[in-house]
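Here the structure is a predicted model, which means the values were calculated and not measured.
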Amino acid sequence: MTGDRTIHETEKAVRAKLGGTPVAYEQMAAVSNIYRAAAAVRQHFENSVLRGAELTWTSFVVLYVVWIWGEMETRYVAEEAGISKGTLTGVARTLMGRGLLERRGHPEDGRLVLLRLTDEGERMMNEVFPAFNAEEAFVTEGLTDAECETLADLLRKIVVRTEEKGDDRRQNLLNGAPPPPRRSGRKPRPAA
C-alpha cells in the first residue's frame with residue numbers, strides 16, 4: 001500500500017468505509033480538501049521558493065506579518081501568524097540569529113516585547129515575496145481570476161464563521177467546561 005492517494009480515491013474510500021453512517025459528505029469533503037490543499041501548498045512552497053531562502057512556512061509567515069504591519073507586540077504577531085506565543089519565541093529567536101528580525105521592550109510596558117524587521121529582513125522580504133507570489137500564481141494556475149476571487153470569498157466565509165461563532169460552539173460542545181490540555185497523542189507517562 002502506498003500513502004500517496006488522490007483526492008478522488010480518498011473520497012471514494014471514505015464513502016465506502018462510512019456506508020450508511022449519517023454524515024454531511026459535502027461539508028466533510030470541503031473541510032478535508034481545505035486541509036489537503038493547505039498541506040500541498042505549504043509543502044510545495046517549503047520545497048521551492050522558501051528552501052532557497054532557508055525559511056520554513058512559519059518563519060516566512062512571521063516575517064510577512066511584521067513586514068506588512070510593521071513593528072508590533074509579540075502576542076499580535078503570534079495571533080496574526082496563527083501560532084502559539086511559544087512557537088513564536090523559537091521562530092523569532094532563529095530569525096534574530098539570522099539578523100532578519102529584532103526585538104525590543106515596549107516603551108510603555110516593560111513586560112511586553114515588540115518585533116520588527118531589520119534592514120536585512122526588509123531586503124529578504126522584498127526579494128522573496130515576488131518569488132512567493134509567483135508560486136501563488138503557479139498553484140492557482142488552473143483557476144480563472146473570477147474562480148480565485150470566489151474561492152477566496154468562500155474561504156473567507158469559513159474563517160469569519162469560525163472567528164465569530166467558534167468560541168460559542170466550543171463552549172456548547174464542552175458544556176461550558178474549559179478545554180482539556182492538548183496532548184500529543186502519546187500515552188501519558190506512569191506516575192513515578
Side-chain angles (χ1 to χ4, degrees), residues 3 31-140 148 151-152 155-164 166-167 169-170 178-189:
V31 171
S32 175
N33 288 333
I34 289 170
Y35 171 79
R36 286 183 73 141
V41 166
R42 181 177 182 154
Q43 184 176 16
H44 172 75
F45 279 64
E46 285 189 335
N47 289 327
S48 60
V49 67
L50 297 178
R51 175 79 45 102
E54 297 180 1
L55 295 171
T56 63
W57 179 271
T58 304
S59 62
F60 173 80
V61 171
V62 167
L63 289 173
Y64 178 82
V65 165
V66 179
W67 185 53
I68 294 298
W69 294 108
E71 183 176 64
M72 61 193 301
E73 289 179 30
T74 54
R75 61 182 163 167
Y76 298 128
V77 174
E79 186 178 300
E80 286 289 322
I83 58 177
S84 70
K85 289 188 287 184
T87 297
L88 176 62
T89 298
V91 171
R93 190 173 291 134
T94 299
L95 294 171
M96 287 185 295
R98 291 185 57 194
L100 302 173
L101 197 64
E102 60 188 15
R103 60 179 275 166
R104 70 178 185 101
H106 193 283
E108 296 168 13
D109 187 339
R111 298 169 297 172
L112 302 176
V113 175
L114 301 171
L115 294 177
R116 68 176 165 211
L117 292 186
T118 62
D119 290 343
E120 180 64 17
E122 286 281 344
R123 185 201 60 72
M124 175 176 269
M125 287 305 293
N126 286 325
E127 182 181 303
V128 171
F129 185 76
F132 188 92
N133 184 247
E135 292 312 301
E136 291 174 320
F138 167 78
V139 299
T140 58
C148 285
L151 176 60
L155 292 172
R156 199 172 291 114
K157 280 184 175 183
I158 291 171
V159 170
V160 168
R161 168 80 176 163
T162 305
E163 287 175 350
E164 290 180 353
D167 284 340
R169 176 68 173 174
R170 286 186 292 277
R182 292 184 185 191
R183 294 203 41 227
S184 65
R186 288 184 246 159
K187 291 183 180 181
R189 293 182 182 175

Inset, instruction - Could you tell me the separation between the CZ atom of Arg75 and the CG atom of Leu115, rounded to the nearest 0.5 Å? - result: 12.5 Å

Legend entry - Sole candidate of Lys157, Arg156, Arg161, Glu163 that passes side-chain contact (heavy atoms from CB on, under 4.5 Å) when paired with Val159: Glu163

Inset, instruction - Using a cut-off of 6.0 Å, state whether more than 12 heavy atoms not belonging to Tyr64 lie near its atom OH. - result: no

Legend entry - Minimal non-hydrogen separation, Val91 against Ser59, with atom names: CG1-CA, 3.8 Å

Inset, instruction - Name the orientation class of the two ring planes belonging to Phe129 and Trp67 (parallel below 30°, tilted from 30 to 60°, perpendicular beyond 60°). - result: tilted

Legend entry - Smallest separation among heavy atoms of Thr58 and Ile83, with atom names: CG2-CG2, 3.9 Å

Inset, instruction - Would you please indicate yes or no on a ring centroid separation below 6.0 angstrom for Tyr76 and Trp69? - result: no

Inset, instruction - Enter the distance from Leu100:CG to Leu95:CG here, rounded to the nearest 0.5 Å. - result: 6.0 Å

Legend entry - More than 12 heavy atoms of other groups within 6.0 Å of Asn126 CG: yes

Legend entry - Residue Arg36 excluded, over 12 heavy atoms near CZ under 6.0 Å: yes

Legend entry - Leu151 side chain near Thr140 side chain, heavy-atom distance below 4.5 Å: no

Legend entry - Inter-residue atom distance Glu136.CD - His44.NE2, 0.5 Å rounding: 10.5 Å

Inset, instruction - Return the minimal non-hydrogen interatomic distance between Ala81 and Val62, and the atom names on each side. - result: CB-CG2, 4.2 Å

Legend entry - Side-chain touch Arg170/Pro179, heavy atoms, less than 4.5 angstrom: no

Legend entry - Contact summary for Gly105 and Leu114, nearest pair of heavy atoms: O-CD1, 4.2 Å

Legend entry - Reported CD-to-CZ distance for the pair Glu54 and Arg98, which is rounded to 0.5 angstrom: 5.5 Å

Legend entry - Nearest non-hydrogen partners of Val77 and Val65, listed with the distance: CA-CG1, 4.3 Å

Inset, instruction - Kindly compute the distance separating CD (Glu120) from CD (Glu102), expressed to the nearest 0.5 Å. - result: 12.0 Å

Legend entry - Neighbour count >12 (heavy atoms, 6.0 Å) for atom CZ, Arg42: yes

Legend entry - Atom CD of Gln43 with >12 non-hydrogen neighbours under 6.0 angstrom: no

Inset, instruction - Report, as yes or no, whether the 6.0 Å neighbourhood of atom CZ on Arg103 holds more than 12 heavy atoms from other residues, nucleotides or ligands. - result: no

Inset, instruction - Show the numbers, then the answer: is there a side-chain contact (heavy atoms from CB on, under 4.5 Å) between Met124 and Leu55? - result: CA-CA 11 Å; Met124 175 176 269; Leu55 295 171; 3.9 Å; yes

Inset, instruction - Please work out which of the three classes, parallel, tilted or perpendicular, describes the rings of Phe132 and Trp57, given edges at 30° and 60°. - result: tilted

Legend entry - Point-to-point distance, once rounded to the nearest 0.5 Å, from CZ of Arg123 to CG of Leu117: 12.0 Å

